[in-house]
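Notes follow the structure.
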Amino acid sequence: MRIVFMGTPEYGVPSLKAILSAGHEVIGVFTQPDKPKGRGNKVEFSPVKQCAVEHGIPVFQPKRIRVDGVEDLRALAPDLCVTAAFGQILSEEVLGIPRFGTVNVHASLLPKYRGSSPINWCIMQGEKVTGVTTMMTDKGIDTGDILMSRAVDILPEETAGELTVRMADVGAELLAETLAKLEKGTCPRVPQDHTQMSYFPMLKKELGALNWQKSAEALANCVRGLSPWPGAYFTLQGEIIKVWSVAAVAGDADKTPGTVLCAGPKEGFVVQCAEGTLCIKEIQAPGGKRMDARDYLRGHPLTTKELESAGNING
RNA sequence: CGCGGGGUAGAGCAGUUUGGUAGCUCGUCGGGCUCAUAACCCGGAGGUCGAGGGUUCAAGUCCCUCCCCCGCAA
């Protein structure tokens, strides 16, 4: 088939490669425009664009595909469009261009976890299992008919970043199978059970503020689910401390949530939560690099006063 | 040339403003004390202060160049 692929971050790359190695003709790749990125504001290609360039595939980078990408897409006259974390919403006009429609590789078991960051939200909600779903895109957000899906276990300590890498591969496999079945005309297609749906919004920085009024368990999920981006954090002595890894410990110390129970190179860094206590393992101070919380405390000792007053440490 | 923080002992930091023989916490090694310890006491090793050049009687500290790390914004 003549396929147009749309995707942007790392997550989409395995899917693009899967389409290619399945022998399909990828006649164009749409990806987000190049933007100055990172330190020094250097312009960098998106991972998907990089892959496309390596394979000599024409790249299109409209600011808004439904406005200034329509003509390019129409000119390509694709049989099918495939999207995987493209980052733009397709209009009905765009969806109407490919003969056989548009297939999306979504990183959740639909109709649960619709939205742009399903992997993060699954972990934050404490899910043990998630999955990938291939679906026909329609005008709603992740509301189209389901083609195929495959479950993926969420490992106990797994971060969103790590899980994303695995999901991208599973998604690529599932996509290959879906395309094969579509070609043969044997692909299942069932509408979503909209009564079972859930939708989660885009990630915001503020989501990472650790709220000690929650349980240690919930906070641990939050840290995992927001790693590596946007990251969880709390403030200490006026500085934002990014939290990379923690461990929820059962048992209460009968203190106000937010109280630092201990903080030292030997004792470790433990904070009282609404339920249970949270051992803070890896942190990162402004301008510094990621390090063991105990290493940080060697150079930044907390006074007894700070140790005993709740509220000195908060989101 | 987007904004900013930083590179000092194995680890984390102070010291740089007001140049003058390098310090703290921890680890490590040796010894001691204790039923015991994330405990305590005594002693020791370990640093070309990111690199190069300059100013000076004297540079971690002042000036110039370069390399590397990190955060924000996007």
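The figures that follow rest on heavy atoms only: side chains count, while hydrogens, waters and symmetry mates do not. Residue numbers start from 1 in every chain, and the chains themselves are labelled A, B, ... in the order their sequence lines are given, proteins ahead of strands. Here the structure is a predicted model, which means the values were calculated and not measured.
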Spacing of the [atom1] atoms in [M] and [N] (rounded, Å):
N: B:C69; M: B:A74; atom1: P; answer: 24 Å
N: B:U21; M: B:G12; atom1: C1'; answer: 26 Å
N: B:G27; M: B:G46; atom1: C1'; answer: 12 Å
N: B:U65; M: B:C26; atom1: P; answer: 41 Å
N: B:A9; M: B:U25; atom1: C1'; answer: 13 Å
N: B:C57; M: B:G19; atom1: C1'; answer: 12 Å
N: B:G23; M: B:G47; atom1: P; answer: 14 Å

Around atom CD of A:E206, are there more than 12 heavy atoms from other residues, nucleotides or ligands closer than 6.0 Å? yes
Below 4.5 Å, heavy atoms only, C-beta onward: do A:E93 and A:R74 meet side chain to side chain? yes
Heavy-atom side-chain contact between A:T164 and A:E10 under 4.5 Å: no
Residue mapping more 5' on RNA chain B - nearest nucleotide basis, A:R290 or A:E267: A:E267
Just checking A:K289: base, sugar-phosphate only, or nothing, at a heavy-atom cut-off of under 4.0 Å? sugar-phosphate
With sugar-phosphate meaning primed atoms plus P, OP1 and OP2, does A:G268 contact a base, only sugar-phosphate, or nothing at under 4.0 Å between heavy atoms? nothing
Value in whole Å for how far the P atom of B:C70 lies from CD of A:E239: 18 Å
Between A:W229 (CH2) and B:A74 (P), how many Å, whole number? 10 Å
Any idea which of [options] is nearest the [X] side chain?
X: A:P265; options: B:U25, B:C13, B:C72; answer: B:U25
X: A:R39; options: B:A74, B:A11, B:G71; answer: B:G71
X: A:M291; options: B:G2, B:A39, B:C13; answer: B:C13
X: A:D295; options: B:A11, B:G2, B:C40; answer: B:A11
X: A:K266; options: B:G2, B:G71, B:C26; answer: B:C26
X: A:K205; options: B:C69, B:C72, B:A11; answer: B:C72

Test: A:D295 and A:R298 ion pair at under 4.0 Å: yes
Using Watson-Crick or G-U wobble geometry with both distances below 3.5 Å, tell me the partner of [N], or none.
N: B:G43; value: B:C29
N: B:G60; value: none
N: B:U55; value: none
N: B:G71; value: B:C3
N: B:U34; value: none

Would you call the rings of A:F60 and A:F30 parallel, tilted or perpendicular, where under 30° means parallel and over 60° means perpendicular? parallel
Full working for salt bridge (Lys or Arg N to Asp or Glu O under 4.0 Å) between A:E127 and A:K112: CA-CA 11 Å; A:E127 300 286 354; A:K112 300 288 189 192; over 6 Å; no
Phosphate-side-chain proximity, A:Q284 and B:G71, N/O vs OP1/OP2 below 4.0 Å: yes
